[in-house]
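Labels below follow one simple rule: chain letters A, B, ... track the order of the sequence lines, proteins then strands, and each chain is numbered from 1. Side chains included, hydrogens not; waters and symmetry mates left out as well; all remaining heavy atoms used.
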Protein chains: 2
Amino acid sequence: MAEDLRTLVEQVKAVSHPLRLRVLALLDAGELCVCQIAETLQVPQSSVSEALKELRRAGFLTERKEGRWVFVSVVKKNSIPLLKGLLAEAGALDEVLQDRLRAKEVQATAIPVVCSRVQKAAQPAPVAADA
Amino acid sequence: MAEDLRTLVEQVKAVSHPLRLRVLALLDAGELCVCQIAETLQVPQSSVSEALKELRRAGFLTERKEGRWVFVSVVKKNSIPLLKGLLAEAGALDEVLQDRLRAKEVQATAIPVVCSRVQKAAQPAPVAADA
DNA sequence: CGGTAATATCGGAAAATATCGAAATATATA
DNA sequence: TATATATTTCGATATTTTCCGATATTACCG
């Protein structure tokens with residue numbers, strides 16, 4: 001529960017953005033690490049990182065570090081009525097359900113493989129051979 | 001219930017703003033006309049009008065016209081989980097409760113008086129007498 | 001240590017939004 | 001019709017946000 005209007009507005013702002021809401025709704029189905037999110041949603045890793053920063057600031061996430069991986073998940077949402085209502089709606093959306101299916105697939109692959117795939121995707125462009 | 005992510009984000013955006021959220025929370029306590037809102041919150045009437053426009057677009061308001069006055073109120077909120085959660089939080093905030101008290105006071109005055117007061121407040125500045 | 005892998009932060013140009021006075025639109029009433 | 005009144009829309013500026021490649025940071029490994 002927010003304690004003032006300013007805080008509540010900040011929380012709302014945190015989810016008033018397609019990627020951030022998508023990430024939140026995705027995580028509501030279970031924890032993922034940053035590169036898994038980037039791969040699932042097919043967006044640059046830095047964008048995911050920034051999205052997570054905002055969601056964290058709003059108090060919507062908890063984290064668990066495992067080596068260099070950061071696993072993120074949604075806080076117990078009953079403590080935040082706003083989250084409960086929001087995720088109830090989001091969880092019913094096709095796009096969100098599809099993201100979750102995609103996440104399942106991503107999870108079937110070993111994390112280091114997923115991560116390196118995300119790194120590769122960030123490369124400028126593989127300038128067709130120099131031979 | 002929003003039917004896609006884009007729509008849901010638009011709804012969230014509509015309330016990711018101090019004035020808009022304040023107005024929504026205020027109206028949750030009962031209908032008011034535009035000038036009553038402006039007077040209660042002590043903000044320019046055009047700002048209230050713009051705030052209402054966004055809230056309307058999001059589907060959060062219903063209107064009732066009475067002469068030149070427009071009375072606005074919040075839609076039945078159980079149909080929108082997001083609203084339910086949000087207003088549950090907002091309704092507990094001091095600032096919102098105080099706004100509602102102020103609205104009660106404003107409602108004790110006849111509407112035309114309130115409206116003209118709001119109009120006056122918009123004047124540039126009453127350049128101290130010409131006698 | 002040096003190297004590599006995962007994540008975070010920065011830079012900064014483009015796009016979006018906020019703000020509020022002024023002008024335009026209704027809607028009354030005389 | 002003319003005038004006043006309540007609300008909406010416009011205009012123009014200021015501020016904030018978005019986006020993502022490049023770079024920094026952190027953590028592990030040999």
task: Would you kindly compare A/Val43 and A/Lys13 by the position of their nearest DNA chain D nucleotide and give the one closer to the 5′ end?
output: A/Lys13
Rounded distance (Å) that lies between atom [atom2] of [N] and atom [atom1] of [X]:
X	N	atom1	atom2	result
A/Arg64	C/dA6	CZ	C1'	15 Å
A/Gln36	C/dA6	CD	P	11 Å
A/Arg20	D/dC19	CZ	P	9 Å
A/Ile37	C/dT7	CD1	C1'	11 Å
B/Glu66	C/dT27	CD	C1'	13 Å
A/His17	D/dT16	NE2	P	17 Å
A/Leu41	D/dC19	CG	P	13 Å
A/Arg57	C/dT9	CZ	P	12 Å

Considering only [options], which nucleotide approaches the side chain of [X] most closely?
X	options	answer
B/Arg68	D/dT8, D/dA6, C/dA6	D/dA6
B/Lys65	C/dT7, C/dT27, C/dA18	C/dT27
B/Gln119	D/dC20, D/dA6, D/dT18	D/dA6
B/Lys53	D/dT9, D/dT8, C/dT7	D/dT9
B/Pro44	D/dT17, D/dT7, C/dG21	C/dG21
A/Val70	D/dT7, C/dG21, C/dA8	C/dA8
B/Trp69	D/dA6, C/dG21, C/dT17	D/dA6
B/Val34	C/dT17, D/dT8, C/dT7	D/dT8

task: State, yes or no, whether a side-chain contact exists between A/Phe71 and A/Val34 at a heavy-atom distance under 4.5 Å.
output: no
field: A/Gln45 and A/Cys35, any side-chain heavy atoms less than 4.5 Å apart
entry: no
message: Treating A/Glu63 as the side-chain partner and A/Val72 as the backbone partner, does any N or O pair qualify as donor plus acceptor under 3.5 Å?
response: no
- prompt: Which of these, A/Lys76, A/Lys77, A/Arg22, sits in a salt bridge (Lys or Arg N to Asp or Glu O under 4.0 Å) with A/Asp28?
  reply: A/Lys77
- request: Check whether A/Val9 and B/Leu19 end up in the same hydrophobic cluster, where Ile, Leu, Val, Met, Phe, Trp and Tyr are linked by side-chain heavy atoms less than 4.5 Å apart.
  value: yes
query: Side-chain N or O of B/Arg56 less than 4.0 angstrom from OP1 or OP2 on D/dT8?
result: yes
B/Ser46 side chain near C/dC20 phosphate (N/O to OP1/OP2, under 4.0 Å): no
- prompt: So, does the side chain of A/Glu50 form a donor-acceptor pair with the base of C/dC10 at under 3.5 Å?
  reply: yes
